[in-house]
S.K.: 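One structure, as structure tokens, below. Some questions next.
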Amino acid sequence: MNKQDNLEIMRHSASHVMAGAILSMFPGARFGIGPAIEDGFYYDFDLPRPLTPEDLPVIEANMKEIVGADLPFERREIGKSEAKQVFASQPYKLELLEEIPDDKVGVYRQGGFVDLCRGPHVGSTGDVKAFKLTSIAGAYWRGDEHNAMLQRIYGVAFNSQKELDEHLAQLEEAKKRDHRKLGKELEIFIFDDLVGPGLPLWLPRGGAMIEEIEKLAKEMEFKHGYVRVRTPHISKEDLFKQSGHLPYYAESMYPPMELEGVRYYLKPMNCPMHHRIFASKMRSYRDLPLRLAEYGACYRYEKSGELFGVMRTRSMIMNDSHIYCTEGQFEQEFTGVIFLYLEYFKIFGIKEYIMRLSTHHPSGLGKKYVDNQSLWLKTEDMVRKAMNDNNIPFHEVADEAAFYGPKIDVQIKSAVGREFTLATNQVDFAQSINCDLKFINKDGQEERPLIIHRAPLSTHERLIGFLLEHYAGAFPAWLAPVQVKIIPVSDRHNEHATKVAVALKGHAIRAEVDDRSERMNQKIRQAQLEKVPYMVVIGDKETADNSVSVRRRSGEQLPAQPLAAFIDGLTEEISNRR
RNA sequence: GCCCACAUAGCUCAGUCGGUAGAGCACAUUCUUGGUAAGAAUGGGGUCAUCGGUUCGAAUCCGAUUGUGGGCUCCA
């Protein structure tokens with residue numbers, strides 16, 4: 001048994017200790033489940049009153065007493081009928097019992113607390129080491145929103161106080177790069193009460209980043225044979241009826257607006273409109289693959305509790321494209337998209353991600369998923385083969401697919417630990433049928449195209465949220481909202497500093513002059529806090545010979561150089577996106 | 001949407017037992033004109049999220065609403 005397993009067992013035991021503490025405080029408590037999780041554990045309880053943060057230290061103190069008492073964890077195997085007696089007053093445990101196929105079940109006891117549990121556990125409560133209760137939260141019984149809401153207590157646990165302290169310090173550190181904090185501090189975006197929740201306003205600095213990202217996407221997509229289209233933000237209801245979205249998606253759509261007896265919806269995705277463009281004329285196999293690209297603004301009515309800064313919003317601008325291709329072209333197109341991801345990730349230095357193949361689950365056919373199992377199996381195999389043939393690592397998760405087909409999602413974690421899908425690459429075998437899309441094949445016969453939905457650069461919202469955390473706000477020069485801060489040493493240098501700014505802007509470099517009557521040190525400090533990649537100090541010397549004294553964000557100071565040389569160097573750095 | 005918590009100046013936050021508000025930063029003005037991470041003084045700025053209730057009196061207690069946060073559910 002390795003160290004990791006031991007730690008997991010200890011965390012699981014910590015959850016039992018916590019349950020024991022809860023039982024002593026609330027004798028009528030009903031217990032859900034209490035597993036070990038990454039860094040710690042949780043336990044779900046059904047209690048006579050809501051817990052508040054003030055309860056946590058009390059529960060913790062109680063747990064420490066149980067740990068101090070060093071009570072043994074006693075395991076017993078008992079028959080199911082006996083177990084039903086033991087847990088007669090524990091409805092959640094009885095529900096779990098019903099689903100265990102074996103005749104015998106394991107129960108663990110420490111002190112007065114008995115739990116239905118497969119184990120294993122540490123020897124005694126004294127083996128539970130450094131822990132801290134971190135938060136209380138609501139959680140549906142068995143994760144189903146139709147079930148009762150239980151109270152969950154989260155805790156972290158480690159083998160030593162030192163490791164625990166390090167972990168807590170790390171969490172504090174991570175909070176500093178939370179995109180919500182940085183987005184406000186660096187003036188990238190805001191949310192305004194009058195505009196509405198989940199509807200970000202991009203400030204000029206965020207706007208500059210969006211321009212750069214779109215420029216990148218347009219270059220890459222042009223290079224890879226995409227053509228750009230533009231589509232409206234709203235359409236008639238009929239469009240979404242035809243595409244098949246309405247029954248699956250209506251809940252996440254802003255309610256329709258009705259004009260002259262016609263219902264219109266804000267679009268939650270761009271595909272149906274792109275499909276209309278595909279269908280706008282007779283297509284030949286010679287036209288395929290057809291790759292339609294657009295930065296499309298979509299609106300989704302996400303439930304209020306699901307919003308999360310700019311990572312999860314109600315309005316979003318998607319790096320969208322739909323690739324219409326033949327079955328024979330599929331693998332090349334699909335892997336082409338994956339390679340496009342990798343090209344982007346290299347530019348951004350993104351290394352910590354997981355590619356996830358999301359497949360259907362037979363139980364959802366006709367409900368969550370289009371009811372055509374043979375096409376599901378076939379396209380899932382196509383994706384697996386495309387990934388394997390190109391040696392691209394991925395892991396597979398059932399029951400996570402889109403309603404129209406399997407997909408490869410790129411999963412990333414936010415600074416505060418929440419997981420998100422950044423990019424997505426989806427197969428769609430359903431909409432070409434729903435939308436009656438066809439092309440004429442070599443034999444002169446009508447055939448359905450396969451569709452690939454892809455968004456390697458996610459949405460502007462989620463990508464910029466991610467990049468804020470990824471770079472901790474210190475963007476590379478090409479992406480930085482302000483690339484150069486020009487710092488006059490004293491007011492008499494403002495005039496020349498402005499000339500330098502004009503020269504930089506003439507070369508499409510985003511430069512700002514800090515012409516406040518402040519000391520140079522203060523201006524440098526300000527530029528550092530704004531995480532501007534280059535600071536250019538202008539004093540007597542520089543004014544006299546049109547040179548620049550350059551300081552990097554790292555604090556490194558470059559030797560004095562002619563303004564023209566600085567412009568050349570920076571232009572090169574920016575155009576290569578280094 | 002659900003459970004819990006929170007909401008005080010543009011930002012970050014104090015505000016004790018209920019007696020009509022304070023700091024730092026930012027902003028404005030003045031002085032200072034400086035060489036690689038904070039020069040100084042003065043000043044303006046708040047219906048204490050909103051609405052209602054309790055009270056002689058509410059930033060403070062209670063309720064509702066809105067927003068935010070931690071989760072659950074759900075997702076680019």
Side-chain angles (χ1 to χ4, degrees), chain A residues 42 44 47 50-55 134-154 178 180-181 184-185 187 190-194 196-198 249 251-252 268-269 296 298 300-314 316-320 400 402 407 409-410 412 416-424 426 453-463 465-466 487-494 516-529 535-542 549-553 555-558 560:
Chain A
Y42 70 77
D44 290 343
L47 302 175
L51 293 169
T52 69
E54 291 82 67
D55 289 316
T134 50
S135 63
I136 52 176
Y140 298 110
W141 167 237
R142 316 207 79 178
D144 185 331
E145 61 183 324
H146 305 293
N147 287 343
M149 177 66 70
L150 305 180
Q151 300 194 68
R152 175 173 298 178
I153 303 177
Y154 282 96
D178 188 321
R180 292 167 297 186
K181 179 177 152 68
K184 191 188 278 184
E185 283 174 2
E187 299 187 5
I190 54 159
F191 289 93
D192 186 287
D193 282 357
L194 288 178
Y249 223 87
E251 231 180 70
S252 305
M269 66 276 296
C298 297
R300 298 180 184 175
Y301 197 82
E302 307 288 1
K303 292 178 190 170
S304 56
E306 291 165 351
L307 302 174
F308 179 66
V310 93
M311 298 279 241
R312 187 78 181 277
T313 54
R314 285 179 174 164
M316 68 210 81
I317 306 165
M318 295 180 66
N319 171 230
D320 212 354
E400 289 285 340
K407 57 179 179 170
D409 286 332
V410 177
I412 52 104
V416 292
R418 262 196 243 184
E419 191 176 297
F420 286 94
T421 300
L422 186 67
T424 188
Q426 314 182 340
H453 304 240
R454 43 111 279 183
L457 290 182
S458 193
T459 61
H460 283 322
E461 289 72 18
R462 189 166 288 179
L463 182 69
F466 171 78
I487 298 174
V489 172
S490 77
D491 287 352
R492 70 173 179 279
H493 305 113
N494 282 355
R516 295 173 302 158
S517 292
E518 287 290 349
R519 294 181 59 212
M520 185 200 62
N521 281 348
Q522 157 69 356
K523 297 179 192 177
I524 287 177
R525 175 180 155 78
Q526 191 56 39
Q528 287 286 156
L529 293 176
M535 286 153 255
V536 164
V537 174
I538 299 294
D540 288 335
K541 203 151 57 72
E542 292 77 8
S549 166
V550 181
R551 175 192 163 104
R552 285 186 198 272
R553 181 170 50 199
E556 181 194 356
Q557 206 176 320
L558 304 181

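Just so it is clear: chains get the letters A, B, ... in the order the sequence lines come, proteins before strands, and each one is counted from 1. Keep in mind it's a predicted model, so treat the numbers as computed, not measured.
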S.K.: Using the C1' atom as the point on both nucleotides, what is the distance between B:G45 and B:A9, in whole Å?
M.R.: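 These two C1' atoms come out 6 Å apart once rounded.
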S.K.: Quote, to the nearest angstrom, the C1' distance that separates B:A76 from B:U16.
M.R.: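 Here B:A76 and B:U16 have their C1' atoms 49 Å from each other.
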S.K.: Answer with base, sugar-phosphate or nothing: what part of the nucleic acid does A:Glu518 contact at a heavy-atom distance below 4.0 Å?
M.R.: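 Contact class for A:Glu518: base.
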S.K.: Rounding to the closest angstrom, what is the interatomic distance between B:U20 and B:U73 at atom C1'?
M.R.: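 Going atom to atom, C1' in each nucleotide, I get 45 Å.
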S.K.: Please measure how far the P atom in B:U12 lies from the corresponding atom in B:C74, and state the result in whole Å.
M.R.: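 Pairwise P distance, B:U12 against B:C74, rounds to 33 Å.
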S.K.: Is it true that a side-chain atom of A:Gln528 and a backbone atom of A:Arg553 form a donor plus acceptor pair closer than 3.5 Å?
M.R.: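 It does hold such a pair.
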S.K.: At less than 4.0 Å, is any side-chain N or O atom of A:Thr52 found next to OP1 or OP2 of B:A5? Yes or no.
M.R.: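 No.
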S.K.: If only atom types and distance count, is the side chain of A:Thr134 paired as donor or acceptor with the main-chain N or O of A:Tyr154 below 3.5 Å?
M.R.: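 Judged by distance alone, yes, a pair lies under 3.5 Å.
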S.K.: Which sits closer to the 5' end of RNA chain B, A:Tyr301 or A:Gly555, going by the nucleotide each is nearest to?
M.R.: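 Here A:Tyr301 is the residue nearer the 5' end.
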S.K.: Within the modelled atom types, does a donor on one side and an acceptor on the other bring the side chain of A:Arg519 and the base of B:A40 under 3.5 Å apart?
M.R.: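 When only heavy-atom distances are counted, A:Arg519 does not reach the base of B:A40 through any donor-acceptor pair under 3.5 Å.
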S.K.: Against the six-membered ring of A:Phe308, is A:Arg418 placed for a cation-pi contact (under 6.0 Å from the centre, within 45° of the normal)?
M.R.: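 Judged by the rule, A:Arg418 and A:Phe308 form a cation-pi pair.
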S.K.: Find the distance A:Arg525:CZ to B:G35:C1' and express it as a whole number of Å.
M.R.: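 Distance, rounded to whole Å: 18 Å.
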S.K.: Step by step, work out the side chain to side chain contact (heavy atoms under 4.5 Å, CB included) result for A:Ile153 and A:Leu51.
M.R.: CA-CA 9 Å; A:Ile153 303 177; A:Leu51 293 169; 3.6 Å; yes
S.K.: Given Watson-Crick or G-U pairs with both distances under 3.5 Å, what dot-bracket string fits RNA chain B, with | for other-strand pairs and [ ] for crossing?
M.R.: (((((((..((((.....[..)))).(((((.......))))).....(((((..]....))))))))))))....
S.K.: Classify the nucleic acid contact of A:Asp540 as base, sugar-phosphate or nothing, counting any heavy atom under 4.0 Å across all strands shown.
M.R.: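 Base contact - A:Asp540 has a heavy atom under 4.0 Å of at least one base atom.
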S.K.: Would you kindly give the NE2-to-P distance between A:His146 and B:C3, to the nearest whole Å?
M.R.: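 Those two atoms, NE2 and P, are 16 Å apart.
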S.K.: Please give, in whole Å, the distance from B:G35 C1' to A:Arg492 CZ?
M.R.: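 The answer, rounded to whole Å, is 11 Å.
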S.K.: When every nucleotide of nucleotides 70-76 of chain B is labelled 5' to 3' by its protein contacts under 4.0 Å (heavy atoms), B for base, S for sugar-phosphate only, - for none, what sequence of letters results?
M.R.: BBBBBBB
S.K.: NA contact type, A:Asp491, heavy-atom cut-off 4.0 Å: base, sugar-phosphate, or nothing?
M.R.: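 Touches a base.
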S.K.: Provide the distance between the two C1' atoms, one in B:A7 and one in B:A49, to the nearest whole Å.
M.R.: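 The same atom, C1', in both gives a distance of 6 Å.
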S.K.: Taking atom P in both B:G18 and B:C61, compute the distance separating them and give it to the nearest angstrom.
M.R.: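 My reading of the P atoms in B:G18 and B:C61 gives 8 Å.
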S.K.: With sugar-phosphate meaning primed atoms plus P, OP1 and OP2, does A:Glu542 contact a base, only sugar-phosphate, or nothing at under 4.0 Å between heavy atoms?
M.R.: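 Here A:Glu542 touches the bases of the nucleic acid.
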S.K.: If the C1' atom of B:A23 is compared with that of B:U32, how far apart are they to the nearest Å?
M.R.: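 So the two C1' atoms sit 26 Å from each other.
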S.K.: When you measure from the side chain of A:Lys523 to the backbone N and O of A:Pro488, does any donor-acceptor pair fall under 3.5 Å?
M.R.: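 Side chain of A:Lys523 to backbone of A:Pro488: a pair is present.
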S.K.: Within the 4.0 Å heavy-atom criterion, would you say A:Thr134 contacts the bases, only the backbone, or no part of the nucleic acid?
M.R.: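 Nothing, no nucleic acid heavy atom in range.
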S.K.: Counting any heavy atom closer than 4.0 Å, what does A:Lys523 reach on the DNA or RNA strands: base, sugar-phosphate only, or nothing?
M.R.: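 The residue A:Lys523 makes no contact with any strand.
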S.K.: Using atom C1' of each nucleotide, how far apart are B:C6 and B:C13 to the nearest Å?
M.R.: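 Approximately 14 Å lies between the C1' atom of B:C6 and that of B:C13.
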